[in-house]
Amino acid sequence: MEPAVAEIDAALELLRSSVHERGEPVGLVVAPSGSVAMATGSVRVVVAPAHVANVLAEADREWRPRWVLWSNATAASLVATGTRLATSWDVAAVHRLLRGGWRAEPARVWAQLHGLDHHRMPKMGQLDLLGGDGDGGGDDEVPVRPDGYLRPEWLAGAWADSPERMGAWAALVLDVAELQRRLLDALAAESATVAGNALATARSESTAELLCAELAADGLPIDLPAAEALIASLVGPRAATEAEAAADRARRDAEVLQHLPPGSGIDLRNPADVKSMLRRLGIDVPDTRAWRLEQMRTVHPAIDALLHWRKAERIATTFGYGWLDTHVGADGRLRGEWSGSDGAAGRMTAGAGLHNLPSELRPVVIAEPGHVFVRADLGQIEPRVLAAVSGDPALIAATQDDDLYAPVAARLGVERSVAKIAVLAAMYGQTSGTAGQALRGMETGYPVAMKYLSDAAQAGVEGRDLRTYGGRLIRMYPVPDDADFRAVSAGRGRYARNAMVQGAAAELFKVWAVTVRARGAAIDARIVLCLHDELLLHVPVDNADAAVQLLHDCLAEAAFRWQPRRSVPVRFVADVSVVRSWADAKP
DNA sequence: TGCGGCTATTG
DNA sequence: CACAATAGCCGCAG
C-alpha cells in the first residue's frame with residue numbers, strides 16, 4: 001500500500017530536517033522495481049519509481065547529504081534512470097579500503113564488522129541439520145538473525161518485498177557505515193602518520209564509485225566510421241561470413257609462412273611452435289617476445305614478417321570489429337566496466353580496452369560536435385607522492401621544480417636520465433643493471449624516502465600487512481613453505497614497496513578526479529576517462545578555457561586536502577591541453 | 001570447462 | 001623486461 005502524497009511530503013520534511021539540523025547521512029537503497037528507500041536514524045521514507053528522479057534530484061541539491069550506499073550497483077541503477085548524486089559513503093568501497101581484497105558484498109561486510117566468521121555465513125535454502133530453525137529463527141521482518149548473521153533471503157532480494165523492509169534495509173546500511181566510521185576513527189587514533197586521513201580517503205573513494213557508475217554509463221566518444229576505416233586499413237574489410245574470416249586469417253598467416261620452408265606446419269599462435277621455428281633458423285631465444293626479436297629483425301625476413309603479423313593479429317582479435325560491435329554503442333560511445341579500486345594497490349581499472357587502447361587507435365577518440373577534450377596528466381606523480389608519504393625533506397624540496405629529476409640529478413651528481421632510473425628503480429625495487437650504482441646515491445641523498453621504501457619491502461618479505469598513506473590495507477601473506485623462498489619473498493618486497501607508492505598515488509588521483517567531477521558540473525565538463533594519472537574531460541567548446549583552469553585549481557585543492565598536515569607541501573603539476581582527438585594530446 | 005603460460009597493450 | 005592492470009589464444013588437466 002502506497003502512502004498518500006501528503007504523508008510522503010511530511011516524511012521528506014522530517015528527513016530534510018535531520019539532514020539539515022543534525023548533519024546526518026542518509027541510507028539509500030533502490031529496489032529492482034525502481035522504488036527508493038531513504039533512512040536516517042529516525043526517519044524512513046519510500047518513494048515510488050515515478051517520483052524518484054525528482055525527489056532525489058531535489059534532495060541532493062537542497063540537503064546535500066552524504067548518501068550511504070551498499071555498493072556502486074545502487075549508483076549504477078540511479079544513473080540509469082537519470083539521477084546523479086553529489087557524494088556518497090560506499091560501504092563496499094570503504095570495506096575494500098579497510099580490509100583489502102575485492103569481495104565486499106553486504107553479507108561479508110556485515111559479518112566481518114561484527115566479528116562473525118564469514119566462511120560460516122548462512123546460505124539460501126540451507127537446512128540446519130543440528131535442529132535449529134532452518135531460517136535462522138526470530139522475526140522474518142528483521143534483517144538480522146538471532147545468531148547475528150544477515151538473513152540470506154533478505155540478501156537475495158527479499159529486502160525489496162515491502163516498503164517496511166526497504167526502509168529497514170536503508171536503515172541497516174546506515175548502521176554499517178557508522179560501524180565503518182568508528183573503525184576508521186580507531187585507525188587514525190592508533191596511527192596518525194599512516195592512516196590519519198583514512199576517513200577522508202573513505203569519502204573520496206566512495207565518491208569515486210559514483211564517478212565509475214557515470215563513466216560506465218556515459219562512455220568515451222568514438223568516431224565510429226573512422227574506427228571502422230582504421231581497422232580496415234590494418235586488417236582488411238569486415239568479413240561477411242565465418243569462412244571469409246578464416247580466409248582472411250590464412251592470408252595474414254601466409255605473409256609470414258612464405259618466408260619458411262613450405263609445409264613446415266608452424267602455428268603462429270603457438271609460442272612453442274614459433275620458438276622451434278626460430279631455432280631451425282639458427283636463432284635461439286628464451287622466449288619470443290617482441291622486444292627480444294626486435295634486434296633480430298634483419299637476421300631473417302621471417303622475423304620482421306612475424307612482428308608485423310603480431311601487430312595486425314592483435315587488432316584483429318582484441319581491437320577489431322568484434323571489439324567495436326561489443327563495446328561501442330550506436331551513439332558512438334565506448335563503454336566498459338569500471339572498478340574504483342583494484343585488488344592490489346587500489347588503482348581504478350576499466351574493461352573494454354579503455355585502459356590499454358593501443359596508441360594507434362587513439363585518433364578515433366574524437367569529441368562530439370560542439371565539444372572538445374580537455375586532457376590533463378599529472379607529471380611525475382609517483383616520485384612526488386613518495387616525497388609526500390615519506391616526508392623526505394630533500395625530495396619534497398625537489399618537487400618544487402617543474403621537473404623533479406633535475407634537482408635530483410644535481411644532488412646525486414649524475415645525468416638526469418640516470419637520476420630518473422635511480423628514482424624509478426628505488427620505487428620498483430630494481431637492483432640489477434645500471435640502477436645499482438645510481439641507487440647508492442639515493443641512499444645518501446634521500447635517506448628518509450629510501451627508508452620508507454625499504455621498510456615497506458621488509459614488511460612484504462615478512463608477510464606483514466601494510467597501510468598506504470590514505471589508509472588502504474595492503475594485504476601480505478606468508479610465503480608458502482613449498483615455494484622458492486628467496487625468489488618469492490623478493491617479489492613480495494618489490495610488490496610491497498611499489499604498492500605503497502602506487503596506492504597513495506591512486507588515492508591522490510581519485511581526490512583530484514572527484515573534485516573535478518564536483519566543480520566541473522557547473523561548466524558541463526564531464527569526465528569521460530580516468531587513466532591512473534590522466535583525466536580526459538568532454539567539454540562544450542566555449543568552456544574549454546574554464547576547464548583548463550578547473551583542472552589546475554582542482555589539483556591544488558586535491559593536493560591540499562590529501563596532505564593536510566604538511567608544513568612544506570609537496571607540489572604537484574599537471575600538463576593540460578585542449579584537443580579534438582585524444583591522439584592530439586600525445587606529446 | 002577452467003586455469004596457467006605466453007603475448008601485447010596501457011600507465 | 002622493475003611495478004600495476006585487461007585481454008586473447010594455446011595447451012593441458014579434469
Side-chain angles (χ1 to χ4, degrees), chain A residues 102 249 253 266-275 285-295 306-320 322-323 326-327 336-362 365 375-383 385-386 420-436 438-439 453 456-457 460 468 474 487 490-506 509 529-536 575 582-583 585-587:
Chain A
W102 196 83
R249 212 159 36 235
D253 293 2
I266 295 296
D267 179 359
L268 297 173
R269 291 164 189 80
N270 182 346
D273 255 26
V274 172
K275 206 168 135 184
V285 282
D287 59 66
T288 73
R289 288 174 160 88
W291 66 270
R292 214 184 279 284
L293 298 183
E294 194 63 45
Q295 298 110 1
L306 174 69
L307 290 172
H308 280 111
W309 176 89
R310 286 246 179 96
K311 208 86 173 161
E313 185 70 3
R314 175 138 169 94
I315 298 294
T317 55
T318 306
F319 293 105
W323 170 71
T326 309
H327 298 115
E337 301 287 312
W338 282 83
S339 153
S341 66
D342 65 34
R347 295 220 286 202
M348 293 174 80
T349 58
L354 284 159
H355 275 182
N356 57 353
L357 196 73
S359 55
E360 295 168 270
L361 290 180
R362 289 189 179 193
V365 181
R375 170 197 178 272
D377 74 293
L378 300 177
Q380 303 161 342
I381 174 70
E382 291 193 340
V385 160
L386 173 61
K420 182 175 176 177
I421 288 169
V423 171
L424 294 177
M427 289 189 299
Y428 294 154
Q430 185 184 7
T431 51
S432 62
T434 50
L439 272 174
L453 292 168
T468 63
I474 307 292
R492 298 285 170 84
R494 289 194 301 269
Y495 170 82
R497 181 186 284 264
N498 182 249
M500 294 295 277
V501 178
Q502 189 186 98
F509 177 80
L529 190 70
C530 295
L531 195 42
H532 309 315
D533 65 349
E534 178 176 349
L535 281 175
L536 197 65
D575 178 53
W582 191 21
K586 237 8 199 178

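Chain letters run A, B, ... following the sequence lines, proteins first, then strands; residues in each count from 1. All of these numbers come straight from a predicted model, not from anything done at the bench.
Rounded to whole Å, atom C1' of B:dG11 lies 8 Å from atom CD of A:E382. Rounded to whole Å, the distance from CG on A:N356 to P on B:dT7 is 18 Å. Distance A:L536 CG to B:dT10 C1': 15 Å, rounded to the nearest Å. For the pair A:L293 CG and B:dA8 C1', the interatomic distance rounds to 13 Å; values are reported in whole Å. As rounded to whole Å, 14 Å separates atom C1' of B:dG11 from atom CE of A:M348. Here the C1' atom of nucleotide B:dT10 and the CG atom of A:D377 are 13 Å apart, to the nearest Å. Regarding A:E313, its CD atom lies at a distance of 12 Å from the P atom of B:dT9, rounded to whole Å.
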*Annotated protein contacts, base or backbone, on nucleotides 1-6 of chain B with a non-hydrogen cut-off under 4.0 Å, one of B, S, - each*: -----S

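Shown here for A:A345 and A:A499, the closest heavy-atom pair between the two residues is CB-O, 3.9 Å. Shown here for A:R269 and A:D253, the closest heavy-atom pair between the two residues is NH1-OD2, 3.1 Å. Annotation for A:A344 and A:I474: closest pair O-CD1, 3.7 Å, computed over non-hydrogen atoms.
Contacts of A:H355 classified as ring pair (Phe, Tyr, Trp, His ring centres under 6.0 Å), with partners at least two apart in sequence or in another chain: A:W338, A:H532. The side-chain hydrogen bond (donor to acceptor under 3.5 Å, both in side chains) search around A:Y428 returns A:E382, not counting sequence neighbours. Under the salt bridge (Lys or Arg N to Asp or Glu O under 4.0 Å) criterion, A:R289 pairs with A:D287, sequence neighbours left out. Applying the side-chain contact (heavy atoms from CB on, under 4.5 Å) test to A:R494 and every residue at least two apart in sequence or in another chain returns A:A490.
Going from the C1' atom of B:dG4 to that of C:dA2 covers 22 Å, rounded to whole Å. Taking the P atom of each, C:dA5 and C:dC1 are spaced 16 Å apart, rounded to whole Å.
Nearest-nucleotide positions on DNA chain C place A:W291 closer to the 5' end than the other of A:T318 and A:W291.
Within the nucleic acid shown, A:R310 comes within 4.0 Å of sugar-phosphate atoms alone, with no base atom in reach, counting heavy atoms only. At a threshold of 4.0 angstrom between heavy atoms, the contacts of A:F319 with the nucleic acid are absent. Residue contacts shown for A:A272 are absent, as no nucleic acid heavy atom lies under 4.0 Å away. Across all strands, A:L357 comes closer than 4.0 Å only to sugar-phosphate atoms, never to a base (heavy-atom distances). Looking at heavy-atom distances under 4.0 Å, A:A499 makes no contact with the nucleic acid at all. Note on A:A345: nothing from the nucleic acid sits closer than 4.0 angstrom, heavy atoms only. Contact annotation for A:R314: base contact, defined as any heavy-atom pair under 4.0 Å involving a base atom. In this structure, A:R494 reaches the sugar-phosphate backbone alone: every heavy-atom distance under 4.0 Å involves primed, P, OP1 or OP2 atoms, never a base. Residue A:G429 is classed as having no contact, given no heavy-atom separation below 4.0 Å to the nucleic acid.
Put simply, the side chain of A:L531 does not reach to within 4.5 Å of the side chain of A:D377, judged on heavy atoms.
Taking CG of A:L529 as the start and CZ of A:R375 as the end, the distance is 10.5 Å to the nearest 0.5 Å. In this structure, CH2 on A:W323 lies 5.5 Å from CG on A:L361, to the nearest 0.5 angstrom.
You can see that DNA chain C meets the heavy atoms of chain A within a 4.0 Å-exclusive cut from C:dC1 to C:dG11, reading 5' to 3'.
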